[in-house]
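Input: a single structure, listed below in structure tokens.
Note that the numbering runs from 1 along the sequence shown for the chain. As the structure is a prediction and not an experimental result, all values here were calculated from the model.
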Amino acid sequence: MAGPLIHADADAFFVSVALRGRADLVGRPVVVGGPVVACASYPARAAGVRSGTGITEALRTCPSLVVLPVPGEEVEQVSDELFRIFDRAAPAVEPGSMEEAFLDTSALSWPEVEERARALRREVRERLGITVTTGIGRTKLFAKLASRTAKPDGLRVIGPEEERRLRTTLPLADVWGVGARTLGRLHALGVTTLGELAAVPVHRLHELCGTTMARRLRQVVEGCDDAEVRPVRSRQTLSAGTATVGWGRADRSPAELADVVCRRLAHRAGEAGLVAGTVTVSLAREGVPTEHRRARLDSAGAEEDVLRHCVGELLAAGAVPLVDTLTVTLSDLSAADRHRQDTLF
């Protein structure tokens with residue numbers, strides 16, 4: 001029988017990065033963002049502050065709240081290093097976001113996986129100055145459930161016996177990936193747990209949830225849900241973004257932000273040994289995308305001046321709508337050394 005998986009997830013990632021070297025703020029309600037909360041510390045969450053809330057509203061909810069700007073460049077650097085640690089800890093890593101991933105430790109025993117998770121948490125703390133919560137389970141669902149319920153700064157193991165119990169008692173609301181609409185339809189039938197779900201006829205489940213969700217739910221009930229870690233063999237995109245407005249600093253124009261973002265992207269691409277064939281500028285307001293502008297580079301590259309010129313042309317191609325976030329994404333990525341070799345022939 002294959003061993004368990006690890007789900008690793010950095011705690012309040014953006015805030016944790018911003019608080020490195022700020023011992024005076026540890027334990028206090030802190031958010032990063034502007035004009036909306038991008039991430040809230042656990043004390044801030046306990047006070048009722050949530051991501052996506054406007055800063056003004058968050059301050060009304062918690063008058064003692066400390067607001068810091070999003071440390072965009074530092075966040076990207078820490079994320080890159082975090083995944084280097086993940087890669088050293090397991091032969092295959094499946095990213096979930098810039099601060100979380102599933103790690104394939106299925107070749108190890110349960111005690112070995114637990115020790116691997118403890119070692120990973122120690123390394124992240126010592127090298128990066130942030131904390132990571134790890135969950136261990138036989139499948140992705142239970143590894144993620146374990147990490148979610150161990151936060152912050154914890155480690156939880158859901159072993160075979162507990163998993164068997166949870167296969168009948170676990171509330172559907174705690175099943176990763178089940179949305180509000182599906183929950184509402186099942187709750188209308190009086191179905192609120194996995195055990196109750198097992199009694200629903202297959203055809204009825206398909207009618208209520210659709211083929212894909214019905215199949216997944218049956219797999220969860222039967223204990224054969226997803227346990228495969230699917231690594232990203234090669235990076236598909238590289239993105240960096242920041243806000244045109246920020247808390248406690250002067251507003252910046254999209255053109256000013258483009259310079260900052262292009263410098264960050266050029267550095268990260270150089271560190272990763274990548275060049276890009278396509279550049280996309282994404283504009284958004286209050287979290288809602290307003291426009292995407294895309295261009296192919298004449299020849300693959302990721303040098304700062306190349307990116308700055310391309311992004312500048314995209315911004316100049318038409319009036320820029322009222323936005324508060326600008327993101328630049330590099331795609332059609334390839335290895336820089338391979339590209340240089342190709343140009344010789």
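- Among all heavy-atom pairs drawn from L194 and V221, the shortest one is O-CG2, 3.9 Å.
- Residues that satisfy the ring-ring contact (aromatic ring centres under 6.0 Å, His included) test with F86, not counting sequence neighbours, are F83.
- Judged as a ring-ring contact (aromatic ring centres under 6.0 Å, His included), not a single pair has a partner in residues 8-46 (not counting sequence neighbours).
- Distance check: L103 CG to D87 CG gives 8.0 Å after rounding to the nearest 0.5 Å.
- The side chain to side chain contact (heavy atoms under 4.5 Å, CB included) with I158 is formed by just one residue from the set R165, E163, R138; it is E163.
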Indicate every side-chain donor-acceptor pair of residues 307-321 with a distance under 3.5 Å to a residue at least two apart or in another chain.
from	atom 1	to	atom 2	distance (Å)
R308	NE	D259	OD1	2.9
R308	NH2	E304	OE2	2.3
H309	NE2	E313	OE2	3.2

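- Applying the salt bridge (charged side-chain N to carboxylate O under 4.0 Å, His left out) definition to pairs two or more places apart or across chains, those involving residues 100-110 are E100-K144.
- Across all non-hydrogen atoms, the minimal contact from L155 to A117 is CD1-CB, 3.7 Å.
- When side chains are defined from C-beta on, S64 counts as touching P29, because their heavy atoms get closer than 4.5 Å.
- No side-chain heavy atom of V70 sits under 4.5 Å from any side-chain heavy atom of C39.
- Put simply, the side chain of L145 reaches to within 4.5 Å of the side chain of L170, judged on heavy atoms.
- The closest side-chain heavy-atom distance from L189 to R204 is below 4.5 Å.
- Among residues two or more places apart in sequence or in another chain, the side chain to side chain donor-acceptor pair (under 3.5 Å) test is passed with T327 by none.
- Judged as a side chain to side chain contact (heavy atoms under 4.5 Å, CB included), and not counting sequence neighbours, the contacts of A58 are V37, V49, T53, L65.
- Residues in residues 173-209 take part in these ring-ring contact (aromatic ring centres under 6.0 Å, His included) pairs, two or more places apart or across chains: F102-W176.
- For the pair V30/V66, a side-chain contact is recorded, criterion being any heavy-atom separation below 4.5 Å from C-beta on.
- A heavy-atom distance below 4.5 Å is found between the side chains of C209 and L217.
- Between L25 and L68, the closest side-chain pair of non-hydrogen atoms falls below 4.5 Å.
- Using a distance-only test at 3.5 Å, with no hydrogens or angles considered, a donor-acceptor pair links the side chain of R167 to the main chain of V220.
- Without hydrogens or angle criteria, K140 side chain to E228 main chain gives a donor-acceptor distance under 3.5 Å.
- In summary, R60 and E57 do not engage in a salt bridge, as defined by a charged side-chain N under 4.0 Å from a carboxylate O.
- No side-chain N or O of S147 forms a donor-acceptor pair with one of D9 less than 3.5 Å apart.
- Judged purely by atom type and a 3.5 angstrom limit, R156 has no side-chain atom pairing as donor or acceptor with the backbone of T134.
- Ion pairing between D226 and R216 fails under the 4.0 Å rule for side-chain N and carboxylate O.
- Sorted pairs that involve residues 173-193 and meet salt bridge (charged side-chain N to carboxylate O under 4.0 Å, His left out), not counting sequence neighbours, are lacking altogether.
- Nearest heavy-atom pair across A150 and T133 is CB-CG2, 3.7 Å.
- Here R218 does not pair with D225 in a salt bridge; the nearest charged N to carboxylate O distance is not below 4.0 Å.
- Hydrophobic clustering places L333 together with V261 (ILVMFWY residues linked when any side-chain heavy atoms are closer than 4.5 Å, directly or through intermediates).
- Shown here are the side chain to side chain contact (heavy atoms under 4.5 Å, CB included) partners of E74, two or more places apart in sequence or in another chain: V17, R20, P71, V78.
- No donor-acceptor contact under 3.5 angstrom links the side chains of T329 and T280, judged on distance only.
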* Asked: When you look at I6 and L120, which way does the side-chain contact (heavy atoms from CB on, under 4.5 Å) test go after all the steps?
  -> CA-CA 10 Å; I6 295 174; L120 181 146; 5.6 Å; no

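- Under 4.0 Å is where a charged nitrogen must lie from a carboxylate oxygen, and between R84 and E81 at least one such pair does.
- A donor-acceptor pair under 3.5 Å is absent between the side-chain atoms of T131 and the main chain of D153, judged by distance alone.
- Considering only residues two or more places apart in sequence or on other chains, L108 meets the side chain to side chain contact (heavy atoms under 4.5 Å, CB included) condition with T105, E112, V113, R116.
- For the pair A10 and V132, the tightest heavy-atom approach, listed with the atom from each and the gap, is CA-CG2, 3.9 Å.
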* Before giving the answer on side-chain contact (heavy atoms from CB on, under 4.5 Å), spell out for T193 and T168 the whole-Å C-alpha distance, their side-chain angles and the decisive distance to 0.1 Å. => CA-CA 7 Å; T193 68; T168 59; over 6 Å; no

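- For S16, the side chain to side chain contact (heavy atoms under 4.5 Å, CB included) criterion is met by A12, I130, not counting sequence neighbours.
- Panel note: side chain T290, backbone L283; a donor-acceptor pair is recorded below 3.5 Å.
- Contacts classified as side chain to side chain donor-acceptor pair (under 3.5 Å) and involving residues 24-33 (residues at least two apart or in different chains) are given here: R22-D24.
- Counting all heavy atoms, side chain and backbone alike, G33 lies closest to I55 at C-CD1, 4.3 Å.
- Follow the hydrophobic side-chain contacts under 4.5 Å out from V93 and you never reach L5; the two are in separate clusters.
- At a threshold of 4.5 Å between non-hydrogen side-chain atoms, the residues I136 and F142 do not count as touching.
- Salt-bridge formation is detected for the pair R293/E291: a Lys NZ or Arg NE/NH1/NH2 atom is positioned less than 4.0 Å from an Asp or Glu carboxylate oxygen.
- In plain terms, the two heavy atoms of S331 and T237 that are nearest each other are CB-CG2, 4.1 Å.
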* **Verdict with supporting geometry, E114 and R118, salt bridge (charged side-chain N to carboxylate O under 4.0 Å, His left out)** => CA-CA 6 Å; E114 188 170 352; R118 293 186 189 282; 2.7 Å; yes

